[in-house]
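For reference, the structure discussed in these notes is given below.
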Amino acid sequence: MSLLMIGCGKMGGSLLARWATSTNHTITIINPSLVKAPQNVIVRQAIEELADQRFDIIVIAIKPQLIEKILPSYRRHLADSGCIISIAAGYSVSSIEQLIGEQAIVRVMPNLPAKIGRGVSGLFANSRCSAAQIENAVALTNAVGFTHITTSEDELDRVTAVAGSGPGYAFEIARCWIESAIKLGFSPQTARELVLNTLSGSMELALTSKEDAETLRNSVTSKNGTTAAGLSALMQDEQLASLFDSTVLSAYQRAVALR
């Protein structure tokens with residue numbers, strides 16, 4: 001299939017890097033400032049260079065505030081049976097339809113680990129998408145990790161709050177943990193290695209285990225032991241649970257406000 005990507009920032013670039021090596025699509029990108037693209041990806045600096053080309057899939061990978069100005073010009077480059085895939089957070093299907101008319105539109109909310117093939121993507125397809133178009137979109141998101149198909153845009157916004165923004169929460173937890181290790185006397189490099197490898201190993205175990213997170217936590221928590229002491233401070237007055245409730249709710253409310 002032929003795929004056109006409009007824009008190529010951090011998230012778009014992460015998807016592009018995986019798609020270029022894991023799919024057989026002919027990929028073209030429009031990005032005036034792109035210095036280097038993956039091998040076999042066609043780079044165009046401006047829409048005029050597309051001439052009369054039409055594409056099976058057009059991926060919107062520009063900032064939401066630019067879509068209204070840029071997207072309408074690409075309508076004529078979408079094949080009759082083509083599909084729009086948008087990774088722009090908070091930009092609804094109805095908003096896209098107002099710019100290009102009623103089309104098959106898929107909204108995808110990926111996250112940054114897509115760069116290494118470990119991403120989590122929420123996917124919502126409007127009623128104009130055929131089963132084949134949804135299958136093609138899912139194949140693209142599966143190429144960069146795990147896909148959760150949603151039944152509404154509201155559910156997609158909830159995926160955004162939990163997984164789309166999730167790497168930010170994980171990185172901040174890691175940063176605080178590393179800083180605590182440094183204060184305990186480790187060098188920054190050693191603290192980083194200890195914390196990130198502990199996180200990575202623990203999450204890999206959780207992914208491959210049939211036990212839930214609470215059971216796994218209990219399995220390393222001896223009564224009156226060091227883990228119990230640490231968890232007692234971490235979970236004091238259920239502040240951690242409350243903080244996470246507030247975190248994902250705030251992200252969800254912001255996603256709703258951006259619709």
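All values derive from a computational prediction rather than experimental measurement.
- The existence of a salt bridge linking Arg158 and Glu155 is excluded, since no basic side-chain nitrogen approaches an acidic carboxylate oxygen closer than 4.0 Å.
- With hydrogens and angles ignored, the 3.5 Å screen pairs no side-chain donor or acceptor of Ser232 with any backbone N or O of Ala228.
- Proximity of a side-chain donor or acceptor of Ser250 to a complementary backbone N or O of Ser246 within less than 3.5 Å is detected.
- For the side chain to side chain contact (heavy atoms under 4.5 Å, CB included) test with Ile178, the passing option among Thr190, Val195, Ile173, Leu194 is Val195; the others fail.
- Within a 6.0 Å radius of CZ in Arg75, other residues, nucleotides and ligands contribute more than 12 heavy atoms.
- A donor-acceptor contact shorter than 3.5 Å links the side chain of Ser219 to the backbone of Leu216.
- Side chains of Thr141 and Ser121: no donor on one and acceptor on the other come within 3.5 Å.
- Members clustered with Leu243: none, using a 4.5 Å side-chain heavy-atom cutoff among hydrophobic residues.
- One N or O on the side chain of Gln133 and one on the backbone of Ser81 form a donor-acceptor pair closer than 3.5 Å.
- No chain of hydrophobic side-chain contacts below 4.5 Å, direct or via other Ile, Leu, Val, Met, Phe, Trp or Tyr residues, connects Val162 to Phe146.
- When the side chain to side chain donor-acceptor pair (under 3.5 Å) test is applied to Arg54, the partners found at least two apart in sequence or on another chain are Asp80.
- When hydrophobic clusters are built by joining Ile, Leu, Val, Met, Phe, Trp and Tyr residues whose side-chain heavy atoms come closer than 4.5 Å, directly or via intermediates, Leu112 is not grouped with Val144.
- Counting non-hydrogen atoms of other residues, nucleotides and ligands closer than 6.0 Å to CD of Glu238 gives a total of 12 or fewer.
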